[in-house]
Amino acid sequence: MITVGPGERVPAHRHVLDYFWTALAPGVSVQHTSDGTTRRVSYERGATKHFTFRRGEYLLHDLENAGTDNLTFVTVEFLDSANAPLPLTDTSEEES
């Protein structure tokens with residue numbers, strides 16, 4: 001589950017696996033993508049969007065909560081996608 005408070009921003013990140021998200025509450029975001037596109041998106045509770053990527057394709061974007069309430073999503077990635085999962089970053093040294 002991902003929760004983004006009002007005014008908070010999830011930094012730019014890359015999706016390479018097929019995935020979907022479902023909004024658990026209504027809200028508004030602003031997103032910037034690697035192709036220079038900026039989008040303002042409104043969500044209704046229960047809204048779901050699916051993404052499928054061919055080999056070598058990806059989505060690089062950030063997500064900023066432009067509303068007054070928390071944005072909350074469930075996101076599911078599929079390991080049997082055309083692309084291999086990205087390696088996880090070890091943040092254990094950063095946290096100590």
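What you see is a predicted model; the values in this text were computed from it and never measured.
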Seminar exercise, completed: Value for OH (Y58) from NE2 (H15), rounded to nearest 0.5 Å, stands at 13.0 Å
For this session: Please round to the nearest 0.5 Å and tell me the distance separating atom CH2 of W21 and atom OH of Y43.
Result: 5.5 Å
Exercise. Is R40 close to V28 at the side-chain level, that is, under 4.5 Å between some pair of heavy atoms?
Worked result: yes
For this session: Evaluate the side-chain proximity of S29 to L63: yes if any heavy-atom separation is below 4.5 Å, no if none is.
Result: yes
Exercise. Do R39 and H61 come within less than 4.5 Å of each other through their side chains, counting heavy atoms only?
Worked result: no
Exercise. So do L79 and P85 actually touch side chain to side chain, heavy atoms under 4.5 Å?
Worked result: yes
For this session: To the nearest 0.5 angstrom, please state how far the CD1 atom of I2 sits from the CZ atom of F73.
Result: 7.5 Å
Exercise. Can you list the steps and then say if D62 with V10 is a side chain to side chain contact (heavy atoms under 4.5 Å, CB included)?
Worked result: CA-CA 6 Å; D62 68 355; V10 175; 6.0 Å; no
For this session: Give a yes or no answer on whether the side chain of N70 reaches the backbone of T3 with a donor-acceptor pair at less than 3.5 Å.
Result: no
For this session: Determine yes or no for a side-chain-to-main-chain donor-acceptor pair under 3.5 angstrom, with H13 supplying the side chain and P11 the backbone.
Result: yes
Exercise. Does the side chain of T75 pick up a donor-acceptor pair with the side chain of Y19 at under 3.5 Å?
Worked result: no
Exercise. Roughly how far, to the nearest 0.5 Å, is NE2 of H32 from CD of E64?
Worked result: 7.0 Å
Exercise. Should L71 and V30 be counted in the same cluster of Ile, Leu, Val, Met, Phe, Trp and Tyr side chains packed under 4.5 Å apart?
Worked result: no
Problem set entry | Any donor-acceptor N/O pair, N65 side chain to G7 backbone, under 3.5 Å | no
For this session: Answer yes or no: is there a side-chain heavy-atom contact under 4.5 Å between L59 and T33?
Result: yes
Problem set entry | Flag side-chain contact, heavy atom, 4.5 Å: P6 against D69 | no
Exercise. Considering only heavy atoms from C-beta outward, does the side chain of M1 approach that of T72 to under 4.5 Å?
Worked result: yes
Problem set entry | Heavy-atom check, side chain of L86 versus side chain of R14, under 4.5 Å | yes
For this session: Mind checking the CD-CG spacing from E77 to D18? Nearest 0.5 Å is all I need.
Result: 9.5 Å
Exercise. Can S81 and N83 be counted as having a side-chain donor-acceptor contact under 3.5 angstrom?
Worked result: no
For this session: Consider only side-chain heavy atoms of I, L, V, M, F, W and Y, link residues closer than 4.5 Å, and tell whether F53 and F78 are in one cluster.
Result: no
